[in-house]
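A short worksheet on the structure shown next.
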Protein chains: 2
Amino acid sequence: MPKKTFFNINEEKRKMIEEKAINEFAVYSYENSSINRIVENCKISKGSFYQYFENKEDLFRYIISLSVEKKMKYVNATLISEIDNGFIKIIKEIFKSGLKFAYENEKLASIGVLLMKNNNSEIYHKIIGQNKNMAIDFYKKLIEIEIEKGEIKPDINVEFVSYLINSMIINLSEYFFEINKNNEKKYSEEMLFLVDDLMDMLINGIGL
Amino acid sequence: MPKKTFFNINEEKRKMIEEKAINEFAVYSYENSSINRIVENCKISKGSFYQYFENKEDLFRYIISLSVEKKMKYVNATLISEIDNGFIKIIKEIFKSGLKFAYENEKLASIGVLLMKNNNSEIYHKIIGQNKNMAIDFYKKLIEIEIEKGEIKPDINVEFVSYLINSMIINLSEYFFEINKNNEKKYSEEMLFLVDDLMDMLINGIGL
DNA sequence: TTACCGTGTGACCATCTAGTCACATGATAC
DNA sequence: GTATCATGTGACTAGATGGTCACACGGTAA
């Protein structure tokens, strides 16, 4: 957590520091980011920075916490409204809210993707640590319920399918950025079709 | 390419340098690897290193070329023998030969995965560059043939499915390492089942 | 005026990096 | 013996990094 001095400075400056830090991590990832560059962009001194934050990790954790907080607002709203509508609907909505978050918070989403992909790094272990299987376990439970309801084949490899869904969610945002890199962004249409395609594929396969 | 001096030194020393470099890149990835550490582990001087290689990138490219060469031996054998057996068989065998390569060349596979995942980095663009869509285009063609043959739904998003298959292949090796990290390795059985599961899922979906 | 205190500063430190270069060694050729 | 040449060396450079610290500034309280 940042030191209390960080929360004492005026909001404009605070937001500016947050923004510059988000920019830095989104472009360079944690390992290759530079405090020197951040303070330079912020036009504050090195000494000031270390009066706001314990160290580089402290800043990164703070930015991640901002990101998680924001993303939760998207996902929680979905979960609450869809919790009784079964696996397909829930997963679909998680995918969609994930994409919506990525679309509306490109930089934060990029930081998240970089962190999740770099899952051998020290910072990944420090931040994600024991929670790394939380999402996967959640999908596992959903799938098991669906198997009991007779909606999903009972002989699938639940562990593996959960893992796959998890990496699909990470990949989906990336793919979306990829196809939209040079085009103008057509969030609402393209994106939702993509999720529908993906879910249809997951449930029914691509074979005839 | 390494300088000719590298190929003049005796094979034992050359293999040792290759091995230590592979180790370094597999553990630290390109960006975080250190020439200092490599020469220290090799017990050769910095000067010698720069008489063998132009620079760090030269060494990395060389190691990647070794890896590609080796992997091609696995995949090519598959492609030649399965080319007439249709999409499912080919993809299945590509998955399997990819896993076999990863199992038998853990370090090289790890270097490849790290490079492919870090697809924003300068080194990725330098090395993969314009070829980054080669694999995806290959899958696209396979799928289009299969659609014409009436084996795959004609209304799927071919571009997206190809992208997905590509990232599945990258993720599959990773998942395999993951589940085998603490267990003893049961390559032949578990691995092949995993591929069969995955392909069955891709073709038929998980829904009942 | 003096004392205190939160905030701001940038030179500085230790430590790392990739890459260089003047020199040493040792083998072969004449 | 001497000249040539490939190979080997490690101190050194220039530039980065994260983090520290003695000090400066400005406002408030006694």
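From a predicted model like this one, the values you see are computed outputs, not experimental measurements. Every chain is numbered from 1 and lettered A, B, ... according to where its sequence line falls, protein lines coming before strand lines.
- With D:dT20, D:dT7, D:dT17 as the candidates, the nucleotide lying closest to the side chain of A:Lys46 is D:dT20.
- Distance NZ (A:Lys3) to C1' (C:dG6): 13 Å, rounded to an integer number of Å.
- Remark: B:Ser45 is not in phosphate contact with D:dG8, judged by side-chain N or O atoms under 4.0 Å from OP1 or OP2.
- A salt bridge links B:Lys96 to B:Asp196: at least one charged side-chain nitrogen sits closer than 4.0 Å to a carboxylate oxygen.
- OP1 and OP2 of D:dA6 both lie 4.0 Å or more from every side-chain N or O belonging to B:Asn8.
- Along DNA chain D, the nucleotide nearest A:Ser33 and the nucleotide nearest A:Gly47 are compared for position; the residue whose nucleotide lies closer to the 5' end is A:Ser33.
- Note: B:Tyr74 and B:Phe101 have perpendicular aromatic rings, judged against thresholds of 30 and 60 degrees for the angle between ring planes.
- At the phosphate of D:dT17, OP1 or OP2 sits under 4.0 Å from a side-chain N or O atom of A:Ser34.
- Ring geometry for B:Phe7 against B:Tyr62 counts as perpendicular: the plane angle is over 60°, on a 0 to 90° scale with 30° as the lower cut.
- Counting only heavy atoms from C-beta on, A:Ile44 has its side chain closest to C:dT9 among C:dT9, C:dT17, D:dT7.
- D:dG18 atom P lies 9 Å from atom OH of A:Tyr30, rounded to whole Å.
- Below 30°, between 30° and 60°, or above 60°: for A:Tyr163 and B:Tyr175 the angle between ring planes is between 30° and 60°, a tilted geometry.
- Here A:Lys56 lies in heavy-atom contact (under 4.0 Å) with sugar-phosphate atoms only.
- Nearest to the side-chain atoms of A:Ile9 among the listed nucleotides C:dG8, D:dT7, C:dT17 stands C:dG8.
- Taking atom CD on B:Glu24 and atom C1' on C:dT17, their separation rounds to 12 Å, with Å as the unit.
- In terms of phosphate contacts, A:Tyr50 brings no side-chain nitrogen or oxygen within less than 4.0 Å of OP1 or OP2 of C:dG8.
- Residue A:Ser48 has a polar side-chain atom (N or O) positioned under 4.0 Å from OP1 or OP2 of C:dT9.
- Looking at B:Arg61 and B:Glu57, a side-chain N of the basic residue comes within less than 4.0 Å of a carboxylate O on the acidic one, giving a salt bridge.
- Among D:dT17, D:dG8, C:dG8, the nucleotide with an atom closest to any side-chain atom of A:Tyr52 is C:dG8.
- Of the side-chain N and O atoms in A:Asn55, none sit less than 4.0 angstrom from OP1 or OP2 of D:dG18.
- The distance between atom CD of B:Gln51 and atom P of C:dA24, rounded to the nearest whole Å, is 16 Å.
- Rounded to whole Å, the distance from CZ on A:Phe7 to P on C:dG6 is 18 Å.
- Proximity of A:Lys13 to the phosphate of C:dG8: a side-chain N or O atom is located under 4.0 Å from OP1 or OP2.
- Regarding B:Ile35, its CD1 atom lies at a distance of 12 Å from the P atom of C:dT20, rounded to whole Å.
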